[in-house]
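Labels below follow one simple rule: chain letters A, B, ... track the order of the sequence lines, proteins then strands, and each chain is numbered from 1. Here the structure is a predicted model, which is why all the values come from computation and not from measurement. In what follows, every heavy atom counts, from backbone to side chain, and hydrogens, waters and symmetry copies are set aside.
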There are 2 protein chains.
Amino acid sequence: MEELDSGSLEPATQVDVLIVGAGLSGLTAAREIKTKSPHLKVMVVEAKDRVGGRTYTVDLKAANGKTDKWDMGHGRTMDRFDPKIRPEAHRRVWTDHLRAAHERKEGVAGRKPEDSSPRSADPFLERIQLESLVKTVNVEDLYDTPRAKEYDALSTEDWIRQNAYTRMVRDVMECATKSIYGIPSKRISFLYFLYYSKCAGNFEDLTECENNGAQGIKVKGGTNQISQRLAECLAEGELVLNTAVRDIDMRDPQNVLVHTMPTHHFNGKKPAEVELDISRIRCKRLLLAIPPNQCGCIKWLPGLPYLKEQLFASFPAGNLFKCIITYEKAFWREKGLSGEVLSSGVTEMAGEVMPVISGFDATTIDGNPAMVLFLNNEWADRSLEQRRSAVVRDLARFLGDEALDYVDYRDKDWHLEPFNGGCPVACIPPGNMEAFSHVREPIDLVHFAGTETATHWPGYLSGAIQAGYRAAHEVLFHMDNSKVEHRHLKGSVYDTDAGLPTAPDNSYKADECSPWPRRIVLYSAVAVGIYLYSKKYELSHTGRLLRPIERSVIKWWSGSTWP
Amino acid sequence: MEELDSGSLEPATQVDVLIVGAGLSGLTAAREIKTKSPHLKVMVVEAKDRVGGRTYTVDLKAANGKTDKWDMGHGRTMDRFDPKIRPEAHRRVWTDHLRAAHERKEGVAGRKPEDSSPRSADPFLERIQLESLVKTVNVEDLYDTPRAKEYDALSTEDWIRQNAYTRMVRDVMECATKSIYGIPSKRISFLYFLYYSKCAGNFEDLTECENNGAQGIKVKGGTNQISQRLAECLAEGELVLNTAVRDIDMRDPQNVLVHTMPTHHFNGKKPAEVELDISRIRCKRLLLAIPPNQCGCIKWLPGLPYLKEQLFASFPAGNLFKCIITYEKAFWREKGLSGEVLSSGVTEMAGEVMPVISGFDATTIDGNPAMVLFLNNEWADRSLEQRRSAVVRDLARFLGDEALDYVDYRDKDWHLEPFNGGCPVACIPPGNMEAFSHVREPIDLVHFAGTETATHWPGYLSGAIQAGYRAAHEVLFHMDNSKVEHRHLKGSVYDTDAGLPTAPDNSYKADECSPWPRRIVLYSAVAVGIYLYSKKYELSHTGRLLRPIERSVIKWWSGSTWP
């Protein structure tokens, strides 16, 4: 067994910058560092047997015996692409000027369709309230946001319960939350919910297909090709697959020593012939472009600062369980339906949950009809056959029985994906936003990328790329300072324009006292007012009500009995 | 590099039962299985270089140049001990009939002592309310608890904010939460808070030194000796230290294959000469007696069921930062003080947090005076010198300047401990209690112990032992059924007396609608009532207020102008 006394100067592969994670963020960072400073030796290690991380494109059988490509992972919003890398994108077709499918769903047995499947597009009063709260968030200085501390401790479900006027609004919010984060609203800090919306512009942009909406733009041929094109920028030996990081030794102030382990047995492949022993890699700067829950699984030497440790331990990934169903014809359009589906999945039967949360028309630019659906995680542990049949039957309730006659079906349960544990994004549970406010902070020689660290569309492709650029320029700041573009460092601790971030205000405040004393004074004043008013106008029947109290107060006060 | 195609039948060490984690829970299970079924081959692997897990006893310099032992980890409550193992225990001295120290603390500059350091022992109104809620919890069937779903989504801080009448109560609750869980109340699901209190009896038992209180009983010579005595029951080669589990392969329905890795470099030790290659261990039953966050760091093949995955990803460990200070004399007793300290740590200066949360007299049975203090995690990342000086100065505010003249100081920051990540217990954040209700459930051939899985004093020594017995008998249920004692299986899925657990009720309910429509009707009725009342008694000045509204309603209704 190899000896692992890692503080010593035993042989290790030496690089300048080691990047962990060959997703969009890590590859963007690698390419940026290589482009700006070609003399730096860069290496990217990836635990999976493929690049792309949470972007994952698969072939499905399509209409007329053809095959086409669909995204089983991220497939949404982008900008910030280098023109050389940018693939052809197109607007999702058939979203506007058509009725959403769920308008037709009256009369389904066992549920109240008008409640459990409301229209997402309907503006509702609470959205105005929500958007006005979103506007108050300061993305780069979280605790500058009004009532930040209070909203941090509040779960999003509690905010909705306290503020939604109708059941319909609560259902729409729950569907939206599950479709955006892959997690129910009770598990999300309301401050994170507001922050996430603000990073995207506003809450509407997260949910809609139109204008700047996240659901609007798709990539022709799938999003995975972006990572593949980025990976082509790396030379032979600069990208190593099937290699996970086991521990990170930061005890040497000049170098980071990383121990890796092979992961072939997870991918069912034999290990390739390795020319280079990379079980120990020593680097000058380490860039982690992996999800936060995976950072938490790495052993750190010495231990992490307290808030970073808390962040990694309390930043679980959501699980947006995605499914694609292809059809011979886009039969829903012939009925005048857009294909947009929204359902709470809840029925009047306790314990029963329908699989479909939401769905959209996913017809490709080549015209191969398909639906993309997001499924409830309650269906994660069923067999593929059970799931397929339930999903298709649920879809038929919305679009009609033609939905039963599909060409191909495929779903992906991201929680089973090793070295990932979920998709699309990690979410902060209530009470952890102070730790989150340190998400972009480097630790000594270690920098952090990944879509969760972005300030613009975190959780989306754009966010991954923004974070990749930021982390790359953080590394360049130390290794090749003349090449740094400061616009990429916005929102990081290297942002020279920004002041010190606002700390959460934990100081003792006299006005933080309970509202009850004030209420009691107010209610008493009102009662006294009513009493005096009644006396003045000699309203004896009101006075009679208060007479016993009046009498006992007088008695207690003066000791004498009052008539 | 070793090939790791683990599904195959390549050589591996074969045992009947592999137990991961040589804490109190794992060692109890090992001993129980060996005692009941001596023919079973048992092996315990432990990532640290010592047994005992979160119990950890150290030597400190004490009065008169002697040394004595104190607990830096768990040191509280126990029962269920086998008489052969049970060490000598004693009641914490000097807790009753003495004034608590913080009564004397008036006039400390920069804070409001009467608010920030209230007496813990004072009964307060909200405690009655809290205890009545604790009584409603069904520990073995969580969702049988009234309002379980609602309390799950609520953070404990929100419950306190909504229900505490005074700032003092909020401060006491916050100190208590931090001292019990090592985590602020905003990060804990209120349902978990109630559950945890119910498991201990009631909330008071968690906080008090007297009667059944958790703070009352200490072990002479430290709690670590319990684990050491348990470890002595294991034969040579049955306990392997410095070995962590890297991944668990459950694809074979008859065996579990476990890959381990050496951890010597974390403990700063050279690996011992290993006679046996234990990098691959095949076992018939696997028993995990490690904290849930560590279960989440293991890679599982195939992936975990969804709710288990969610549980491990959302069950972060608290960090009760403990410190022991020894003195020549118990000077506080001479002043008539018990030594009990309680402080919110908050001052009127923003960003300033005092280190001490709570403290007790920790004088040993041999009469060596000491104080045990629990510290705010804000002080975790400071240097030992900074911390020591701040802690001693903070303590002097409570006990007087004699506190500055200590003999020895030692603190332990559990978040830095590898293969642990915190102490005393993991806590469920809001919204995750449905996943938690599966905490004791085995997965195929894998069983779970550890104090978090207990139903009686989870988070304490007793809980670890109860869970160890339960998991041991779950294993015996399959491997040597005649030896099972069913009383140990209570609360597990093997409990034949218990029915199916109640599922969280997610069904559609008409009465779950918003209170607003009812409120609007009520407020309108009140307004109309006031108006009619004013009309009847010809109260023109009240009527005048309502006249414009009345006039426009009449106009809209009849079309004619009303005088």
>> Between Leu416(B), Ile188(B), Ile298(B), who has the most heavy-atom pairs with chain A when the cutoff is under 4.5 Å?
In response: Leu416(B)
>> So which residue, Asn293(B), Ile183(B), Asp413(B), Asn319(B), ends up with the most heavy-atom pairs under 4.5 Å with chain A?
In response: Asn319(B)
>> Could you check whether any side-chain N or O of Ser155(B) sits under 3.5 Å from a backbone N or O of Leu154(A), counting only pairs where one atom can act as donor and the other as acceptor?
In response: no
> What part of Pro430(B) gets closer than 4.5 Å to chain A, counting heavy atoms only: side chain, backbone, both or neither?
Replying inline: both
>> Please classify the contact between Leu304(B) and chain A as side chain, backbone, both or neither, with a heavy-atom cut-off of under 4.5 Å.
In response: backbone
> Partners of Asp381(B) by side-chain contact (heavy atoms from CB on, under 4.5 Å), sequence neighbours excluded?
Replying inline: Pro305(A), Tyr306(A), His415(B)
> Taking atom NZ of Lys299(A) and atom OG1 of Thr263(B), what is their separation to the nearest 0.5 Å?
Replying inline: 10.0 Å
> Are any non-hydrogen side-chain atoms of Ser314(A) and Arg187(B) less than 4.5 angstrom apart?
Replying inline: yes
> If you look only at pairs with a residue in residues 150-160 of chain B, which of them pass as a salt bridge (Lys or Arg N to Asp or Glu O under 4.0 Å), with sequence neighbours excluded?
Replying inline: Lys186(A)-Asp152(B), Arg147(B)-Glu150(B), Glu157(B)-Arg161(B), Asp158(B)-Arg161(B)
> For Cys297(A) and Gly296(B), which heavy atoms make the closest approach, and how far apart are they?
Replying inline: SG-O, 3.8 Å
>> Looking at every non-hydrogen atom in both residues, tell me the closest pair between Pro429(A) and Pro429(B) and how far apart they are.
In response: CB-CB, 3.9 Å
